[in-house]
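To keep things clear, I will list the structure first and then write my remarks on it.
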Amino acid sequence: MNNQSNVLYIFKYSALNEKNKQVNDFFLAESLDECKLFLDMLGFKNINVVPLKQGEAMPNLNKKLDLNSIGVEFGNLANYIRYGTDILQSIMRIGKECKSSNKNIYFRLSYFLYKGDSLANAMKKLGNVIPPEIISEIEIGEINHNLSRRLTNIVKKYAKVKKEGLFSKLFKKKEENKEININQTANDNLNGISREETNTKDALALFPFKYRAVMENGKKTSGFFNAESKEDCIHFLKVQGYTNIKVEPRKSYDIEIVLNKKVKVADLAFDLTQLSTYLKAGIPLVEGVTILAKQAKSPASKNAYGKLVYDLLKGYNLSTAMEKQGTAFPKLLINMIKSAEMTGDLPTILDDMADYYEDIIQTRKAMQSAMTYPVIVLILAIAVLIFMLVELVPQFIVLYESNGATLPGITLAVIAASNFMQNNYIVLLLGLLILIMIFYLCYKYIIGFRRTIQIILMKIPAFGKIIIYNEVYNFTKTFSSLINHGVFITDSMEILSKITNNEIYKEIIAKTMSNLAKGENISNSFKGVWAFPTVAYHMLVTGENTGQLGLMMEKVSQHYQQLHKAMVDQLKSLVEPAMILLVASIVGVILISIITPMFGIYSQIQG
């Protein structure tokens, strides 16, 4: 052996491994006793060791590392190290789990680590077995204390080397019943599996799996998960605390019903506070997100946090892991976390975003509270009207006809409405449903229609102010958060345009982005706009002139949050008597139409 301070001898051994299978191989150590001791550390039993005799066939000590297998092996090694397992135990575990020709290499690396070498030095002592570029990456990782990340880079690099061959096999196999061998070491024959494209450059291909397992509380669970390999999926589930794990490729007929993949704002506000607390307490990010995944109740949250854990274990940072999930997490949150990752102050950003979403929730609740009472009263009023027209009025019609009563116009109108409703209730019901569906589809997909409806609502006295104040609050609150945390103004505007659903504000933001490209001020886009109050505009100008734009926007958001709350309370006080008056008017009109002919009948009886 080269570069060794102590002489190593070659020994032959036979033993039983942890699965009680007979193993016959060779090993290098400084003495026979040390060889036995180390094999015992590896979990072997009934160990029999003898020196290699002169004249016996020499083992091939220069056999190269099988690069086709290191995707899974180095990937698992990165996960073990990232999750807190020391390097010696991690390499020993990889060696015991290894099903490729690399097993003996990992055992020899373990021995050198046991003797006090670093991983890079241990690799060098193997001679030319491991490529120099891999050793160089490992050495840099050990110096910079980011070994798991360097291992992930190695996995990505060598995955690219074999990707062309894999793709050619992939399309060839698809023509042959779509049978794909994605993992040579595991020999997993995956039928009908398609690759899932990721948004991250150089990301490894993911394959869908179906799993069944037992959770920590003893309950059985099942679901679907996308991973780079079957072993990856199993390892991830073990990290989650699952036992009795069974994983198989997801079939084309396996359907997962998730109505909404987005994490709810209410869940985010609570979860971000929790995650910040975990980080402040010294709990690693991966473990913190793992806790969130375990305690999540909604399918969307559980699925999203589970994928986050997987990507974090793979070496991605938090913002990239969130971005890979599309619309599951808000664009605003992802950009704020990106900013935090650059400044290294993630807990503070998480607290700020938790407060932001909590404020948004409170504003929504205020709106919902204001609308709940009138909606309930309106539904009751319609129910009372239908009951009276369908059940009450027909009984009086019989009375009027039997007595030959002369009916006034109001009674004739009510009777006509009653007859029409009884004879055409199916048509009315279907027409109402179709009308609602048409309105919904037009509002959702036709920008011009949506814009017109929003303008009408925003110009309604009192109610319109509530909508405007809410839009101003959301805009300035989000804008201030982005600016105060170092997000560029152009990026902030792009995020704001995706957050708001108000077409008027989208037009203002689009104009702002156009003005910024020309070198003009932000305030020029808001000048004289009816949907943006004058006070807010002047505060925006002041913020630009003083260089305190973030602070001024924060002040504006606080001011309009209070105005919004006051208007909601005022609307409540106005709506309650108005709704009572509406119900009284409906009931009153019908009662008058019923009672008026009674006086004519009474006069006839008296005459």
Side-chain angles (χ1 to χ4, degrees), residues 79 83 190 193-200 203-217 219-275 278 284-334 337 350 353-354 357:
N79 290 339
Y83 209 65
L190 307 181
I193 292 180
S194 60
R195 287 175 177 265
E196 175 183 283
E197 294 295 328
T198 61
N199 295 325
T200 306
L204 296 177
L206 299 180
F207 297 88
F209 293 96
K210 181 180 181 180
Y211 68 85
R212 292 188 298 276
V214 177
M215 295 188 292
E216 289 178 330
N217 58 10
K219 293 183 179 179
K220 292 182 179 180
T221 185
S222 62
F224 302 98
F225 196 78
N226 297 335
E228 292 171 10
S229 68
K230 184 178 179 180
E231 284 77 10
D232 244 8
C233 186
I234 292 171
H235 175 69
F236 167 75
L237 294 171
K238 284 181 179 177
V239 170
Q240 296 289 91
Y242 292 169
T243 55
N244 297 339
I245 300 167
K246 293 182 180 179
V247 174
E248 60 184 22
R250 181 174 174 176
K251 306 299 182 183
S252 57
Y253 51 79
D254 288 328
I255 300 173
E256 182 181 18
I257 300 174
V258 180
L259 297 178
N260 186 10
K261 292 185 178 181
K262 291 184 179 181
V263 180
K264 293 180 181 178
V265 173
D267 292 338
L268 269 181
F270 180 71
D271 293 341
L272 292 175
T273 303
Q274 272 195 301
L275 185 57
Y278 296 150
L285 178 62
V286 179
E287 290 186 35
V289 180
T290 301
I291 295 169
L292 295 181
K294 288 179 180 179
Q295 70 181 19
K297 294 182 179 178
S298 71
S301 296
K302 186 177 286 292
N303 187 47
Y305 290 132
K307 288 181 179 179
L308 275 190
V309 173
Y310 179 79
D311 286 330
L312 289 171
L313 288 170
K314 281 293 174 185
Y316 293 101
N317 55 31
L318 183 57
S319 61
T320 305
M322 286 181 165
E323 204 165 15
K324 285 179 68 180
Q325 297 193 46
T327 59
F329 294 96
K331 186 85 173 174
L332 170 64
L333 178 62
I334 294 170
I337 288 176
L350 292 174
M353 292 310 298
Y357 287 119

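The model shown is predicted, which means the values in this text are computed figures rather than measured ones.
Ring geometry for Tyr310 versus Phe236: interplanar angle over 60°, hence perpendicular rather than tilted (30 to 60°).
Summarising the geometry of Val263 relative to Ala300, their closest heavy-atom pair is CG2-O, 4.5 Å, with the distance given to 0.1 Å. Scanning both residues, Met215 and Thr221, for their nearest heavy atoms gives CG-CG2, 3.6 Å. In terms of heavy atoms, Ala227 sits closest to Phe209 at O-CE1, 3.8 Å. Residues Ile234 and Ile245 approach most closely at O-CD1, 4.0 Å, considering heavy atoms. Nearest heavy-atom pair, Tyr278 versus Ile291, reported as atom, atom and distance to 0.1 Å: OH-CG2, 3.4 Å. Across all non-hydrogen atoms, the minimal contact from Ala269 to Ala354 is O-CB, 3.6 Å.
Considering CD1 of Ile334 and CD of Glu323, their distance stands at 5.5 Å, rounded to 0.5 Å. One distance of note links CG of Asp311 with CE of Met322; it measures 11.5 Å at 0.5 Å rounding. Here the CG-OH distance, from Leu237 to Tyr211, works out to 6.0 Å after rounding to the nearest 0.5 Å. Separating the CD1 atom in Ile337 from the CG atom in Leu275 is a distance of 8.0 Å, to the nearest 0.5 Å. Between Glu248 atom CD and Lys230 atom NZ the span is 8.5 Å, to the nearest 0.5 Å. Note: Asp232 CG to Asn226 CG = 12.0 Å, rounded to the nearest 0.5 Å.
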Determine, step by step, whether Leu268 and Phe329 satisfy the side chain to side chain contact (heavy atoms under 4.5 Å, CB included) criterion, reporting the C-alpha distance in whole Å, the side-chain angles of both residues, the deciding distance to 0.1 Å, and the verdict. CA-CA 9 Å; Leu268 269 181; Phe329 294 96; 4.2 Å; yes
For Gln295 and Asp271: C-alpha separation, side-chain torsions, deciding distance, then whether side chain to side chain contact (heavy atoms under 4.5 Å, CB included) applies. CA-CA 10 Å; Gln295 70 181 19; Asp271 293 341; 4.2 Å; yes
Stepwise, does the side chain to side chain contact (heavy atoms under 4.5 Å, CB included) test hold for Lys220 with Asn244? CA-CA 9 Å; Lys220 292 182 179 180; Asn244 297 339; over 6 Å; no
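Looking only at distances, no side-chain donor or acceptor of Gln274 sits under 3.5 Å from a matching main-chain atom of Leu292.
Residues Phe225 and Val247 fail the side-chain proximity criterion, which asks for heavy atoms closer than 4.5 Å. Within the 4.5 Å cutoff, no side-chain heavy atoms of Gln325 are placed close to those of Asn303.
Heavy atoms of other residues, nucleotides or ligands lying less than 6.0 angstrom from OH of Tyr242 number more than 12.
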